[in-house]
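Comments concern the structure below.
To find a chain, count down the sequence lines: A is the first, B the second, and so on, and within it residues start at 1.
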There are 2 protein chains.
Amino acid sequence: MDGGVKRGAVTSSQVAEHAGVSQSAVSRTFTPGASISPKTRAKVLAAAKALGYRPNAIARSLITNRSRIIAVVMAYLENLFYPDVLEELGRRLAAENYHVLLFTGFKDRDSDPVFDQLMQYRVDGIILASTSLSSDLAEECETAGIPVVLFNRTTGKDVASSVTSRNHEGGRLLGEFLVGGGHRTFGYIAGLANSSTNRDRFAGFREALARHGIDDIQVGTGNYNRQEAEAAARAMLSGPNRPEAIFVANDHMAVAVMDVARYEFGLAIPADLSIVGYDDVGPARWTSYGITSVTQPISAMVEATVDILMDQIASGEIETQHRVVPSELIVRTSARLPKTGIVEVDGQLVYRPEGLK
Amino acid sequence: MDGGVKRGAVTSSQVAEHAGVSQSAVSRTFTPGASISPKTRAKVLAAAKALGYRPNAIARSLITNRSRIIAVVMAYLENLFYPDVLEELGRRLAAENYHVLLFTGFKDRDSDPVFDQLMQYRVDGIILASTSLSSDLAEECETAGIPVVLFNRTTGKDVASSVTSRNHEGGRLLGEFLVGGGHRTFGYIAGLANSSTNRDRFAGFREALARHGIDDIQVGTGNYNRQEAEAAARAMLSGPNRPEAIFVANDHMAVAVMDVARYEFGLAIPADLSIVGYDDVGPARWTSYGITSVTQPISAMVEATVDILMDQIASGEIETQHRVVPSELIVRTSARLPKTGIVEVDGQLVYRPEGLK
DNA sequence: CTGAAAGCGCTTACAG
DNA sequence: CTGAAAGCGCTTACAG
């Protein structure tokens, strides 16, 4: 650990000299699968240890043209869904010996501003969580051979691969659930207007209600933001026709809506008002909230994401893939229950109505 | 944007050829402050644009011996304090044109396992959030000239710089606050036993109570983990001498403790039981909880962290610094109030008792 | 201001 | 299995 270590890191040439072998031999010792005799290897390892040598990943990247770095662009970190995703992503990429270069603070608008930065580092892949990118840049990635995965978003144009959950189905399930629970009037507190998650969830919800002859839904907008959701809830709850049930586009907002309903309007949940949410995120499970919510299975979504990336990196073929992961409606205490369709699975109550595929 | 771009990125030599200048001229165009005539520069820029050139940061790093990458090792992402820190860190480092290489999942035990990885990338600095590292590795960083900052932890040995808030004072303030509120029996639900935050907060708390002749504190251990905190709360609340007030070592656990107290034991807060926490994290501010809590000012702490790093990178001098940021006790509804010492600052109630420095 | 050239620390044909 | 050598894409003295 000590020895001739001076300022600046030890190089393979120094190790080679110390071990009395060529620099190539040192390199081969640290390249899995390279041709090296056990004896030489042992000498190199000993010298490396003595000098405190560590291969320089930067130099390696330059020559192999692989940085083993994945850029992750992520916002909404105040919504626990994303930290959970980040942790799982870190775990899974580490297992593949990849590393995460993180860019935060770029919400749904295009992530173009960071693009320059991440391209300069010659990342091997890009994960955009709740962000999109312009088709110009998407095209640039394709010609450069860099795979891009949109996480929890899709775009109409087929510009990049994507991983989402069945948002449309989730919305439908929530609609069925609420109708089955005997609710007659409905509200929706929307996420970001032009995000695919918001559009799909709402479309599914509306479709389910329409099936039962209900076309009138009060709509407010929270833009996946706590304060805006609170304001939307205030407007909706103080209106002349307070709905019996509100679908809030994600749990992060639903928590805020519940607090407004209970503490500003004195409403009992679910006696006076039913609330359902989306994501099945940490606070949804806390007793104070107990939100009936559709899961977005993080583990499966992250697995799919890493899968696509590893696939395309290995093959060099950038063919956009769209993976959609199934989800489940978890039944808790924030909404009145339908008479049928609730079953217990692994100790949790889930809603699986008959005849709804 | 289009042009001769084929698979693989464009190099400075290609740009040089296209522009009819030397490769050096291209490099100088993209090096702020380098000596280049406006005319040459313009030619290069035009060629670069035509070819879609972006400097290769990897190659640059190799020769400048600066990666402009800061390694961030962070765990406890389920505690919103850390995502908030991460976001602020990202913002501040981006402003300095540094990037974040993120390593997650290494809790308070030494972060040695990731160390090898991050050193291979020749990071320019290391931030360890709620993690420490062995003195061997700390020493290695020092000889390598890589600054290390421990964020929200300190170690006894002076192995690395650190940024913390005044945990001891915070604990004392909470003790004074609770005694002032007329509570007579106390509990403490601890964080990780050998973390400096836990030790300092508890020491301050104990000291404040001792001043008032109170030496008996019931102690449970939550290890900064939700489930363990719940278990500790159950044990404490079902014991024969339920305390009147509990200091939970951070808000992340305090939320769980409040849910247990209310929904499993039917206790009214603060009528039957007062709870105080630490961090002033998102959920502490939610109406359902309204936790009286000591702030850890993220912006100031992150600023100090980046400051130390930039300083040491610029000077090349690695002299450990320990920055301690002041905090404030924010008064909300989870604990009974003392008669004096509460003042309003910027629309928030804070506790600033007389005679306590 | 400009270009030719050396060199950062590696990997990897190539020849032996 | 091993070493000498070329080369990855840059920055930066050096000489003009």
Exercise for the section: Verify the contact: side-chain N or O of B/T11 to OP1 or OP2 of D/dG9, cut-off strictly under 4.0 Å; return yes or no. Expected result: no
Could you check how far [atom1] of [X] sits from [atom2] of [N], rounded to whole Å?
{"X": "A/N56", "N": "C/dG7", "atom1": "CG", "atom2": "C1'", "result": "14 Å"}
{"X": "A/L51", "N": "C/dG9", "atom1": "CG", "atom2": "C1'", "result": "15 Å"}
{"X": "B/Q14", "N": "D/dC10", "atom1": "CD", "atom2": "C1'", "result": "13 Å"}
{"X": "B/K43", "N": "C/dC1", "atom1": "NZ", "atom2": "C1'", "result": "12 Å"}
{"X": "A/Q120", "N": "D/dG9", "atom1": "CD", "atom2": "P", "result": "15 Å"}
{"X": "A/K39", "N": "D/dG3", "atom1": "NZ", "atom2": "P", "result": "12 Å"}
{"X": "B/N65", "N": "C/dC8", "atom1": "CG", "atom2": "P", "result": "11 Å"}
{"X": "B/M119", "N": "C/dC10", "atom1": "CE", "atom2": "P", "result": "13 Å"}

Practice task
Give B/S37 one of three labels, base, sugar-phosphate or nothing, depending on what nucleic acid heavy atoms sit under 4.0 Å from its own.
Solution key: sugar-phosphate
Practice task
Could you tell me whether B/I36 contacts a base, only the sugar-phosphate backbone, or nothing, with contacts defined as non-hydrogen atoms closer than 4.0 Å?
Solution key: sugar-phosphate
Practice task
State whether the side chain of B/R68 and the backbone N or O of B/N97 hold a donor-acceptor pair below 3.5 Å, judged by distance alone.
Solution key: yes
Exercise for the section: Return yes if some donor-acceptor pair links the side-chain N/O of B/S13 with the main-chain N/O of B/Q23 below 3.5 Å, else return no. Expected result: no
Handout entry: Closest to side chain of B/R122, choosing from C/dT2, C/dG3, C/dC10
Key = C/dC10
Completion exercise
Under a 3.5 Å limit on both distances, the Watson-Crick or wobble mate of C/dA4 is none
Problem - Nucleotide paired to C/dA13 in any strand shown, Watson-Crick or G-U, under 3.5 Å - result: none
Handout entry: Exercise: do B/Y224 and B/S130 side chains pair donor with acceptor under 3.5 Å
Key = no
I'd like a list of close polar pairs between nucleotides 11-13 of chain C and the protein, N/O only, cut-off under 3.5 Å.
residue, atom, partner, partner atom, Å
C/dT11, OP1, A/R60, NE, 2.7
C/dT11, OP1, A/R60, NH2, 3.1
C/dT11, OP2, A/S27, OG, 2.1
C/dT11, O4, A/Q23, OE1, 3.3
C/dA13, N6, A/R28, NH2, 2.9

Problem - Short N-O contact, A/E96 and A/R92, less than 4.0 angstrom - result: no
Exercise for the section: Answer yes if the ring centres of A/Y53 and A/F30 are under 6.0 angstrom apart, and no otherwise. Expected result: yes
Completion exercise
Distance col, row A/L86:CG vs A/F151:CZ, nearest 0.5 angstrom, shows 10.5 Å
Practice task
To the nearest 0.5 angstrom, please state how far the CD1 atom of A/I146 sits from the CD1 atom of A/I318.
Solution key: 8.0 Å
